[in-house]
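Following: one structure in structure tokens, then a few remarks.
Here is how names work: the chains are called A, B, and so on, in the same order as the sequence lines, proteins then strands, and each is numbered from 1.
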Amino acid sequence: MLEITSLQARVEGKAILKGIDLTVRPGEVHAIMGPNGSGKSTLAGVLAGREEYEVTGGAVRYLAQDLLELAPEERARAGLLLAFQYPVEIPGVSNVYFLKAALNALRKHRGEGELDAVEFLALVRGQLKTVQMDESFLRRSVNEGFSGGEKKRNEILQMALLEPRLAILDETDSGLDIDALKIVADGVNGLRSPERSFLVITHYQRLLDYIVPDFVHVLMNGRIVRSGGRELALELEEKGYGWLEAEVTVGA
Amino acid sequence: MPRESATPAAIEKSAFVPDFEPFIAARPGEAAAVLASRRTAMERFVQLGVPHRRLENWRHTDLSPLTKNRFTLAAEPTAIDPVQLVPYSLSGARELVFVDGFFSAELSNPGKAQPGLLLGSYAECLPEDALRWAVAPETAEALEALNGAYWQDGAFVDLAADARVEAPIHLLFIATGADLPLAQFVRNRITAGPGSRATIIETYASLGAGVHFTCPVGTVDVGANADLDHYRLGQENAAAFHLATSRVRLGRDARFKSLAFVAGGGLVRHDLLAELAGPSSEATLHGLYLAGGTRHIDHHLWVRHSAPHAASRQIYKGILAGRARAVFNGNVFVASEAAKTDAKQTNRNLLLSDAALVHSNPQLEIYAGDVRCTHGSTVGQLDEEALFYLRSRGLDEAQAKNLLTRAFASDLFEDIRPAALRDRLETLLYTWLSFEAGIAGTAP
């Protein structure tokens, strides 16, 4: 599904990713944990195609394609979806129009017919329930005036509608209270399938109580310093990142 | 408006003066008083000349391309196939059609007579009103004076007290835009009596791609407690000169709401002078101008508060592509007697290309105490983060830009009535973005 080898990237001339290796197979859930500034969001941005991130080395294969060659919209059409840490407010564009345009862009690419407003509404109504949003969310401008929790639920709604092959959740848990966190996690868990993979980026292990990962990787200073199973996340919660930092320093 | 004297050179350059005597000679049937008013207007024009860039109000708009042309007036109504009007005609409206300056009764559809509504050709509704200038000839601006000398026809709309006109009134001005450069001097008068209500739409369009010059002067009188919606739609070709002046006067408790939608014309200038002369009157002046290629669009707004408790709201937005130029000059004047004035002015511009340029100049002149006046002006580009967000959801770059650009203008569409007009304007914006600004999107 996704194969990252020796990925290096910099932002504004500063090296952030210093050689990432990671393989995600279909159906797997990988958690990427790490302290602030370790490069977690940069990794997510590079995978989604943010132009301000300059890839300086390495490769990313995604479904037998060179991911780094693709424009952001081509990545989306190939089934990659990034749930934003800070979903963007777009005044003047209704959520329903945005969601329909996004779904139809994908359907068109897949050779399926575009949905009209009526068909789309029927589809989205069902999905709204899974993220416990009411229909008024559809009429409001995209994310405008949404609370932190509403914005994240809107990201999960898009995930449910767009049915990605690989979903990347960039600190989706940040700023969420426990109720919102559960709604988001339930949404994600409902989408887990043998064909769909997840990359869950988080600072805290709390989210992983609800979205149980198959693998946990710790990112520090632009490198994955340790990989393991779910128990690694628990260990991190107990000991904090300082423990690994010390070890990495000693090892270096 | 401050004014300065013209240089003789500006007049010499003008093709308009030598044509005047032959024009007068060709109007033997016209009443002496009308001819006299034309002469007065021409004298005023000769005094002022064609505006030039050394004048403060014309600093950013160069009319020299206008004076390089030799315009003539159509000698007789140009015959056109009614089918050509279909894209501009508005179904369900009371419609008056003018072609190259001439009123066309055949093409018009004024609808059923309604007590309290006078709707027809300005020239035919004369003479009793012809000489009543909105502004004395000796204080007219240059283009008003030029229009005063040469005016051919236009619309006359008169609403009696408490008249309610349900169907919109559509005034359609067609320039044939053939090879020979024609000028059309349009004169419109709209009078909304006390307590009356109507929606009036003016459309200016060209059929061909040839150079032409449209010079409309309009006066709008909104009586006490009257309620008037006014739309002005510019769809002329890229070679067209469109230099318009509108004077609006609001009485006590009057409400006037306008939208100037400019999606055409090569060199466009619109001076809108609105006086809130009655206490508690309310003027909402909206504008949306779309300029691509090498088009130049200039809006000068002069809002004068001369009575207390009145409110004015200006929102003008511009979308520029290519090497287009836009000028926005918004002047709000609050006279000493206009206490409790509430005036707000906003000009926002979106540049879709690096080569486009906007001059935005909001001005406040306040001589009354206890007023609330705000103004703001912005020039910016599309939000990169929003663009990325949309692209990351599968929309291609053009689609994403198209959508965000329409979002930029969306608030101006909210109150557009009738819905058929809103749909038309939305389609015009969408089409303009797709074909002139080069960002093809998904239809609205």
Exercise. Would the number of heavy atoms belonging to other residues, nucleotides or ligands and lying under 6.0 Å from CD of Glu385(B) be above 12?
Worked result: yes

Exercise. Which value, rounded to the nearest 0.5 Å, describes the distance between Tyr97(A) atom OH and Leu403(B) atom CG?
Worked result: 5.5 Å

For this session: Tell me, out of Glu73(A), Arg77(A), Arg75(A), Glu52(A), who's got the most heavy-atom pairs with chain B below 4.5 Å.
Result: Glu73(A)

Exercise. Under 4.5 Å between any side-chain heavy atoms of Arg391(B) and Glu74(A), yes or no?
Worked result: no

Problem set entry | Atom group of Asn143(A) that falls short of 4.5 Å from chain B, counting heavy atoms | side chain

Problem set entry | Heavy atoms of other groups near Arg372(B) CZ, more than 12 under 6.0 Å | no

Exercise. Where on Asp396(B) is there a heavy atom nearer than 4.5 Å to chain A: the side chain, the backbone, both, or neither?
Worked result: both

Problem set entry | Per-residue contact mode, Gln399(B) against chain A (heavy atom under 4.5 angstrom) | side chain

Problem set entry | Region of Ala117(A) in contact with chain B, defined by heavy-atom distances below 4.5 Å | neither

Exercise. Are more than 12 heavy atoms from other residues, nucleotides or ligands located less than 6.0 Å from atom NZ of Lys344(B)?
Worked result: no

Exercise. With a cut-off of 6.0 Å (strictly less than), are more than 12 heavy atoms of other residues, nucleotides or ligands near CZ of Arg323(B)?
Worked result: no

Exercise. Would you say the side chain of Leu390(B) lies within less than 4.5 Å of the side chain of Val93(A), judging by non-hydrogen atoms?
Worked result: no

Problem set entry | Atom CD of Glu112(A) with >12 non-hydrogen neighbours under 6.0 angstrom | yes

For this session: Give a yes or no on this: more than 12 heavy atoms of other residues, nucleotides or ligands lie within 6.0 Å of atom CG of Asp354(B).
Result: no

Exercise. Is Arg393(B) paired with Glu155(A) through a side-chain N to carboxylate O contact shorter than 4.0 Å?
Worked result: yes

Seminar exercise, completed: d(Ser392(B) OG, Leu80(A) CG) to nearest 0.5 Å is 9.5 Å

Problem set entry | Nearest atoms (heavy-atom pairs only) where Ala105(A) meets Gly394(B) | CB-O, 3.3 Å

For this session: Tell me, yes or no, whether the heavy-atom count around Arg197(B) atom CZ, taken from other residues, nucleotides or ligands under 6.0 Å, exceeds 12.
Result: no

Problem set entry | Closest heavy-atom pair and its distance - Pro91(A), Ala407(B) | O-CB, 3.4 Å

For this session: Could you label the plane-to-plane angle of the Phe388(B) and Phe84(A) rings as parallel, tilted or perpendicular, counting under 30° as parallel and over 60° as perpendicular?
Result: tilted

